[in-house]
Visitor: 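Please read through the structure below; I'll follow up with questions.
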Protein chains: 2
Amino acid sequence: MPKRADLSDTFCPVGRSAELLGDRAVLLILRDLFFGRRRFEAIAVNTGLGPQLVSARLKLLESEGVVERHAYQERPQRHEYRLTDKGKDLFGVLYAMRGWAERWAYEDGETGGGPAMRYIHRACGTDVGTALVCPGCGAALGYGDLKGEPSPALKAEQAARSG
Amino acid sequence: MPKRADLSDTFCPVGRSAELLGDRAVLLILRDLFFGRRRFEAIAVNTGLGPQLVSARLKLLESEGVVERHAYQERPQRHEYRLTDKGKDLFGVLYAMRGWAERWAYEDGETGGGPAMRYIHRACGTDVGTALVCPGCGAALGYGDLKGEPSPALKAEQAARSG
DNA sequence: CACAGTAACTATGATAATCATAGTGACAAG
DNA sequence: CTTGTCACTATGATTATCATAGTTACTGTG
């Protein structure tokens, strides 16, 4: 790709995330990290990405503070990659991607009846399903149920672009 | 880019979503559509993407059933793009991206105190904040609070790759 | 001690996507 | 009949990605 416009200075939070997450390789690597794969080779094999891409993206994720490179043995030097708190907090995004795909990306019967990935809340035992719920009343949330209010800075930025 | 490996036949739901969502331009266009921008020019200007890219991605989104092209006047022919139900259901993903960015992507004070984007649940008036909550008990969910169980098909697929 | 094996990469060249810029077609307004 | 708007398409330079092969630094086997 050519030099793309930088999104890290936009006031839009989706834009800021998109800078990092709007990349197939990043998403697949994060998925594997959440799945417990920490080694370079394991990630490269499971994602099907070439080692050069995996290397580049892990460096990017490290520079963004999303993963940490950690030596798990000295001789020979071997490293593994671990999600930082900032990285672990991306779970919500992958979780939402999973939810959407479960609802829309499979043919009937393709998964053998159930979801491709089931999640149980350890604390209460609930199968969390795929819905997004309101922290106030517990109802399912969709686009249209929420009223969005951009901050003054974000509003100004958008107005500047269209003017 | 070269011909990338196709992810649409993996059993992993994150992989299936990543095929579409692992793209900066797609994410930015979706953001604008959720924001109410429906016109080609408005999207191109606000995202900063070139018309060629916007055109290509809108065609892709249309072919995936995420947006619909709709004529809003006849003479001259003018079109707008609307999210389908499948498209509107992607809201959860952008919502999660926003949540993460609000928590991690801004310097202190950069937003002037509040979040860059505030969401209120119309039905109950709650400011939903940025957390992901359990539909069973209402507690905040993070990575580690959930126990994931892949379906047999997904497990088999991953085993095949590493074997 | 030679040789295969493993982990974590780096190097190379072909291919393809992206960007910036300019241009097109259809019409409306002045 | 020139300018303006909207929704694009065309062109060429730049750069990212892929597939494949190679490198470094060891360990374990015979």
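Chain A is the first sequence line, chain B the second, and so forth, proteins listed ahead of strands; every chain is numbered from 1. The shown structure was predicted, so the numbers you read here are calculated from the model rather than taken from an experiment.
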Visitor: Using whole Å, what does the distance between atom P of nucleotide C:dA14 and atom CD of A:Gln52 come to?
Guide: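 Nearest whole value for this atom pair: 15 Å.
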
Visitor: For a quick test of reading the model: is some side-chain N or O of B:Arg24 closer than 4.0 Å to OP1 or OP2 of C:dT18?
Guide: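 Looking at the OP1 and OP2 atoms of C:dT18, neither is under 4.0 Å from any side-chain N or O of B:Arg24.
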
Visitor: Applying side chain to side chain contact (heavy atoms under 4.5 Å, CB included), can you list everything that pairs with A:Glu107, at least two apart in sequence or on another chain?
Guide: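 Partners of A:Glu107 by the side chain to side chain contact (heavy atoms under 4.5 Å, CB included) criterion, ordered by chain and then number, come out as A:Glu110.
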
Visitor: Please name all residues satisfying ring pair (Phe, Tyr, Trp, His ring centres under 6.0 Å) with A:Tyr143, sequence neighbours left out, ordered by chain then number.
Guide: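 Here the qualifying residues are B:Phe34, B:Phe91.
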
Visitor: Starting at atom CG of B:Leu60, determine the distance to atom P of C:dT18, rounded to an integer number of angstrom.
Guide: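 Checked: the CG to P distance equals 10 Å.
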
Visitor: What pairs of residues pass the ring-ring contact (aromatic ring centres under 6.0 Å, His included) test when at least one of them lies in residues 56-81 of chain B, not counting sequence neighbours?
Guide: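 Of all non-adjacent pairs touching residues 56-81 of chain B, none passes ring-ring contact (aromatic ring centres under 6.0 Å, His included).
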
Visitor: Please confirm whether the backbone N or O of A:Gly144 pairs with a side-chain atom of B:Arg122, one donor and one acceptor, at under 3.5 Å?
Guide: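 Side chain of B:Arg122 to backbone of A:Gly144: a pair is present.
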
Visitor: Once you round it to whole Å, what is the distance between P of C:dC9 and CG of A:Leu53?
Guide: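 These atoms are roughly 14 Å apart.
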
Visitor: Please state how far atom CZ in A:Arg57 lies from atom C1' in C:dT10, giving the value in whole angstrom units.
Guide: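 Going from A:Arg57 (CZ) to C:dT10 (C1'), I get 16 Å.
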
Visitor: Between atom CD in A:Gln73 and atom P in D:dA25, what is the gap in whole Å?
Guide: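 Distance check: A:Gln73 CD to D:dA25 P gives 15 Å.
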
Visitor: Rounded to whole Å, how long is the line connecting atom CD of B:Glu74 with atom C1' of C:dA26?
Guide: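 Value for this atom pair: 13 Å.
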
Visitor: For A:Ala44, give me all partners under side chain to side chain contact (heavy atoms under 4.5 Å, CB included), at least two apart in sequence or on another chain.
Guide: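 In terms of side chain to side chain contact (heavy atoms under 4.5 Å, CB included), with neighbours along the sequence ignored, A:Ala44 is linked to A:Val54.
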
Visitor: Between C1' on C:dA20 and CG on B:Leu49, what's the gap in Å once rounded to a whole number?
Guide: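 Whole-Å distance recorded here is 13 Å.
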
Visitor: Would you tabulate the side-chain donor-acceptor contacts of residues 125-134 of chain B under 3.5 Å, counting partners in other chains and residues two or more places apart, or write 'none'?
Guide:
from: B:Asp127; atom 1: OD1; to: B:Gly129; atom 2: N; distance (Å): 3.0
from: B:Asp127; atom 1: OD2; to: B:Arg118; atom 2: NH1; distance (Å): 2.9
from: B:Thr130; atom 1: OG1; to: B:Arg103; atom 2: NH1; distance (Å): 2.8

Visitor: Between protein and nucleotides 1-8 of chain D, map the contacts as a letter string: B base, S sugar-phosphate only, - none, heavy atoms under 4.0 Å, written 5' to 3'.
Guide: ----BBBB

Visitor: Can you measure A:Asp23 atom CG to D:dT15 atom P for me and round it to whole angstrom units?
Guide: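 Rounded to the whole Å, the gap is 18 Å.
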
